[in-house]
Student: 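Here it is, the structure, as structure tokens.
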Amino acid sequence: MIDGMKAESQLHTCLGLEKDTTGTLLLARTEEVQEYIKDLYKTHQVERKYWVVTLGVPVPSEGIIDIPVIEREVPGSQPHFKMALSPAYRVSDDREGVIRVRNHRQALSAVTKYRVLESSNGCSLVEVQPITGVKHQLRVHMALALACPILGDHKYSHWSKLAPQRLPENVLQNLGLEQSKARYLPLHLHARQLTLTEFKGQTDITVSSPLPRFFIRTLQQLQLTLPHKKEK
């Protein structure tokens with residue numbers, strides 16, 4: 001929580017969390033500080049790092065995803081809306097190159113840095129860092145750009161329907177789950193660390209949030225080693 005010039009009882013959200021995401025969020029005591037933090041975020045002076053558990057191992061193991069995102073309606077027996085990729089390039093007809101396509105007016109620029117911290121049993125612990133702040137950006141980039149959906153992401157594991165995430169048999173065994181119970185698996189998307197660079201001309205402010213119990217238990221069950229434990 002960031003102090004302001006005047007103490008007030010009401011707290012103002014500077015940087016919140018999307019639904020079902022765990023981890024760090026930032027509150028201010030005054031609207032003045034709230035706006036100051038929001039301005040820092042708009043000018044990329046706030047760094048947020050998330051940890052996710054994915055189904056699959058991203059290839060390459062480290063990189064930058066720069067693919068715009070757009071909200072689309074999914075037709076069918078259960079019509080609904082989802083965020084989707086809106087690539088600025090497509091493969092040429094001879095499949096020997098790429099061609100730039102016209103950007104959709106409603107597409108939003110979305111850039112995500114990622115790196116695999118550990119992989120085991122067909123799953124990975126991945127650090128992801130959003131450079132932009134588009135709705136569901138991390139979930140869409142992992143599931144649709146890298147084909148490695150976040151564990152417990154029932155929304156983006158299927159495109160054309162609303163259904164629980166389908167888990168590989170070995171993952172079910174490691175987690176001690178039956179597929180019929182997969183709908184209760186929480187989203188493994190954790191806001192691990194937040195840094196304000198040179199806050200008000202002073203040194204960087206960094207805050208981190210410990211992993212929730214369910215996240216740690218999943219890492220143990222999938223034999224994914226935390227980075228600081230791996231170094232010992």
Student: Closest heavy-atom contact between Leu55 and Pro168?
Tutor: CD2-CD, 4.3 Å
Student: A side-chain contact here means heavy atoms from C-beta on lying under 4.5 Å apart; do Val171 and Asn121 qualify?
Tutor: no
Student: Quick one: which residue pairs count as a side-chain hydrogen bond (donor to acceptor under 3.5 Å, both in side chains) with a foot in residues 60-76, not counting sequence neighbours?
Tutor: none
Student: Would Leu194 and Glu47 satisfy side chain to side chain contact (heavy atoms under 4.5 Å, CB included), going step by step from the backbone distance to the final call?
Tutor: CA-CA 6 Å; Leu194 185 154; Glu47 180 183 273; over 6 Å; no
Student: Is a side-chain donor or acceptor of Gln165 paired with a backbone partner of Gly152 at a separation under 3.5 angstrom?
Tutor: yes
Student: Search all heavy atoms of Leu224 against all heavy atoms of Cys123 and return the closest pair with its distance.
Tutor: CD2-O, 3.8 Å
Student: Please tabulate, for side-chain N and O atoms in residues 135-142, each donor-acceptor pair with protein atoms closer than 3.5 Å (sequence neighbours left out).
Tutor:
unit_1: His136; atom_1: ND1; unit_2: Tyr156; atom_2: OH; d: 2.7
unit_1: Gln137; atom_1: OE1; unit_2: Thr132; atom_2: OG1; d: 2.7
unit_1: Gln137; atom_1: OE1; unit_2: Val134; atom_2: N; d: 3.2
unit_1: Gln137; atom_1: NE2; unit_2: Val111; atom_2: O; d: 2.7
unit_1: Gln137; atom_1: NE2; unit_2: Thr112; atom_2: OG1; d: 2.8
unit_1: Gln137; atom_1: NE2; unit_2: Thr132; atom_2: OG1; d: 3.4
unit_1: Arg139; atom_1: NE; unit_2: Asp153; atom_2: OD1; d: 3.3
unit_1: Arg139; atom_1: NE; unit_2: Asp153; atom_2: OD2; d: 3.0
unit_1: Arg139; atom_1: NH2; unit_2: Asp153; atom_2: OD1; d: 2.7
unit_1: His141; atom_1: ND1; unit_2: Thr112; atom_2: OG1; d: 2.8
unit_1: His141; atom_1: NE2; unit_2: Ile67; atom_2: O; d: 3.0

Student: Quick one: do Ile64 and Ile131 satisfy side chain to side chain contact (heavy atoms under 4.5 Å, CB included)? Show the steps, please.
Tutor: CA-CA 10 Å; Ile64 297 176; Ile131 306 303; 5.9 Å; no
Student: List the residues meeting side-chain contact (heavy atoms from CB on, under 4.5 Å) with Ala163, not counting sequence neighbours, and say none if there are none.
Tutor: His158, Lys161
Student: Taking transitive links into account, so neighbours of neighbours count too, which hydrophobic residues share a cluster with Phe81 at under 4.5 Å side-chain distance?
Tutor: none
Student: Excluding sequence neighbours, so at least two apart, what forms side-chain hydrogen bond (donor to acceptor under 3.5 Å, both in side chains) with Gln34?
Tutor: none
Student: Would you indicate whether the side-chain heavy atoms of Ser119 and Leu125 approach each other to under 4.5 Å?
Tutor: no
Student: Hey, any chance Val126 and Leu117 share a hydrophobic cluster, counting ILVMFWY side chains that come within less than 4.5 Å of each other, even indirectly?
Tutor: no
Student: Taking atom CD of Glu31 and atom CD of Gln10, what is their separation to the nearest 0.5 Å?
Tutor: 7.0 Å
Student: Could you grab the distance from atom NE2 of His80 to atom CG of Leu162, nearest 0.5 Å is fine?
Tutor: 4.0 Å
Student: Count I, L, V, M, F, W, Y as connected when their side-chain heavy atoms are under 4.5 Å apart, and connections chain through other members. Are Leu108 and Leu144 then in the same cluster?
Tutor: yes
Student: Do you know the tightest heavy-atom contact between Leu167 and Leu177?
Tutor: CD1-CD1, 4.4 Å
Student: Please find the pair of heavy atoms, one from Ala191 and one from Thr21, that lie closest to each other, and give the distance.
Tutor: N-CG2, 4.4 Å
Student: Hey, are the side chains of Ser124 and Val57 touching, using non-hydrogen atoms and a 4.5 Å cut-off?
Tutor: yes
Student: Do Arg192 side-chain atoms and Ser209 backbone N/O form a donor-acceptor pair below 3.5 Å?
Tutor: yes
Student: Taking only residues two or more places apart in sequence or in another chain, which ones pass side-chain hydrogen bond (donor to acceptor under 3.5 Å, both in side chains) with Asp204?
Tutor: none
Student: Measure across Pro87 and Pro68 and return the closest heavy-atom pair with its distance rounded to 0.1 Å.
Tutor: CA-CD, 4.4 Å
Student: Could you list all the ring-ring contact (aromatic ring centres under 6.0 Å, His included) pairs where at least one residue sits in residues 163-182, not counting sequence neighbours?
Tutor: none
Student: To the nearest 0.5 Å, how far apart are CG in Leu196 and CD in Gln45?
Tutor: 9.5 Å
Student: Among Ile, Leu, Val, Met, Phe, Trp and Tyr joined by side-chain contacts under 4.5 Å, find the other residues sharing a cluster with Trp159 and list them by chain and number.
Tutor: Val74
Student: Tell me, do Leu146 and Thr54 make a side-chain contact under 4.5 Å, heavy atoms counted?
Tutor: no
Student: Of all residues at least two apart in sequence or in a different chain, which pass the side-chain hydrogen bond (donor to acceptor under 3.5 Å, both in side chains) check with Thr195?
Tutor: Thr206
Student: Which residues pass the ring pair (Phe, Tyr, Trp, His ring centres under 6.0 Å) test with Phe214, sequence neighbours left out?
Tutor: His188
Student: OG1 of Thr13 to CD1 of Ile37: how many Å apart, nearest 0.5 Å?
Tutor: 12.5 Å
Student: Looking only at atom types and distance, does a side-chain atom of His190 sit under 3.5 Å from a main-chain N or O of Pro210, one as donor and one as acceptor?
Tutor: yes
Student: Between Val128 and Tyr114, which heavy-atom pair has the shortest distance, and what is it?
Tutor: CG1-CB, 3.8 Å
Student: Taking only residues at least two apart or on different chains, which pairs with a member in residues 39-60 satisfy ring-ring contact (aromatic ring centres under 6.0 Å, His included)?
Tutor: none
Student: In Å and rounded to the nearest 0.5 Å, what is the OG1 to CG distance from Thr22 to Leu189?
Tutor: 7.0 Å
Student: What residues form a side-chain hydrogen bond (donor to acceptor under 3.5 Å, both in side chains) with His154, not counting sequence neighbours?
Tutor: none
Student: Report yes if some heavy atom in the side chain of Asp39 is under 4.5 Å from a heavy atom in the side chain of Thr43; otherwise report no.
Tutor: no
Student: From Leu40 CG over to Tyr36 OH, what is the distance, rounded to the nearest 0.5 angstrom?
Tutor: 5.0 Å
